[in-house]
There are 2 protein chains.
Amino acid sequence: MAQRRELMKGNADSLLLCLLGQQPMYGYQIIKELERRSQGYFKFKEGTLYPALHRLEKGGLVAGKWQRLPGGRQRRYYYISDKGHRLLAVKRSQWLDFLTAMNLIIQPAQT
Amino acid sequence: MAQRRELMKGNADSLLLCLLGQQPMYGYQIIKELERRSQGYFKFKEGTLYPALHRLEKGGLVAGKWQRLPGGRQRRYYYISDKGHRLLAVKRSQWLDFLTAMNLIIQPAQT
DNA sequence: TCGTAATACCTAGTGTTACTATGTATAATA
DNA sequence: TATTATACATAGTAACACTAGGTATTACGA
């Protein structure tokens, strides 16, 4: 199902910003949370998630902060920035525009 | 607007099959028709359309037939195949699944 | 205790695909 | 006569999700 891979394109960042817009999370948590909220549909691969997070961080849309757990394990929590919030709003409206256009073709209103 | 480019990925073929599922069309017509039906949203580039049509043809999903117009001009009409119809049904349901999952994240139900 | 699974992060390379830029050619219009 | 619209084509580019591999700790069952 390479379909899924292509459908994701351009939307991964939106999903990440959307989650982080609600609360800071770390990578592994994001993967689990996306799967849970989408009722099992989204199963982000690490090779998708971490490069995406780094991309967002480089763009100043999120900020990652290492946090040490008791026991020595490390987690990197990501916090959305103001810029990230603004981009999220843009992305959300772009998604709605796209969805509207798609529905006009894929599911034409029955007259 | 590189957003748009990425959002299109995986959906161009669905849109083409959807149009051709209703009636045979030629390339230029498809571009105009997609733009009209989407109220100006979709503006397929030739570098997107023709490779996509050839891809679909190679996959046996559509069949292209040259037709000569009075005056000597050539048009290539594309006809959807049975296989194309079946793929269209699959693609449509994949799109709906994806849309559902996206909405669960992007627009969580307000409680 | 030893292997496996879960947790937690990382990245080099691959494959797909929409698009840019460019080319050819005819018909209609200014 | 020049420009625009019609009509098709393709080589090369850029973006990005994913594969496959790596490191390391913690928990659990055999």
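The minimum heavy-atom distance linking A/Leu88 with A/Leu17 is given by the pair CD2-O, 3.7 Å. Nearest heavy atom pair, residue B/Leu16 against residue B/Phe44, reads CD2-CE2, 4.2 Å. Of all non-hydrogen atoms in A/Ser14 and A/Gly10, the two that sit nearest each other are OG-O, 3.9 Å.
In this structure, NZ of B/Lys45 is placed 16 Å from C1' of D/dA14, rounded to the nearest angstrom. As a whole-Å value, the separation of B/Phe44 CZ from D/dA7 P is 18 Å. Atom C1' of nucleotide D/dC16 and atom CG of A/Asn11 are separated by 12 Å, given to the nearest angstrom. In this structure, A/Arg68 places its CZ atom 16 Å from C1' of D/dT26, rounding to the nearest Å. For B/Gln67 and D/dT6, the CD to P distance is 18 Å, given to the nearest whole Å. Across the protein-nucleic acid pair, B/Leu16 atom CG and C/dA18 atom C1' stand 12 Å apart, rounded to whole Å. In this structure, B/Lys58 atom NZ and D/dT10 atom C1' are separated by 12 Å, rounded to whole Å. Residue B/Leu15 contributes atom CG, which lies 13 Å from atom C1' of C/dA18 at whole-angstrom precision.
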*Could you go step by step and tell me if A/Leu15 and A/Ile30 meet the side chain to side chain contact (heavy atoms under 4.5 Å, CB included) rule?*
CA-CA 10 Å; A/Leu15 293 173; A/Ile30 291 173; over 6 Å; no

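The side chain to side chain donor-acceptor pair (under 3.5 Å) test with A/Tyr26 is passed by exactly one of A/Gln74, A/Arg76, A/Arg75: A/Arg75.
Proximity of B/Tyr41 to B/Arg4: side-chain heavy atoms (C-beta onward) are separated by under 4.5 Å at one or more points. Two residues are said to be in side-chain contact when any heavy atoms from C-beta on lie closer than 4.5 Å; B/Ile31 and B/Glu46 meet this criterion. Considering only heavy atoms from C-beta on, A/Arg92 comes within 4.5 Å of A/Cys18 through its side chain. Considering only heavy atoms from C-beta on, A/Leu99 stays 4.5 Å or farther from B/Met102 through its side chain.
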*What does nucleotides 7-17 of chain C look like as a protein-contact string, B for base, S for sugar-phosphate only, - for none, at under 4.0 angstrom between heavy atoms?*
BSBBB---BBB

_Secondary structure string for DNA chain D (Watson-Crick or G-U under 3.5 angstrom, | for other-strand pairs)_ = ||||||||||||||||||||||||||||||

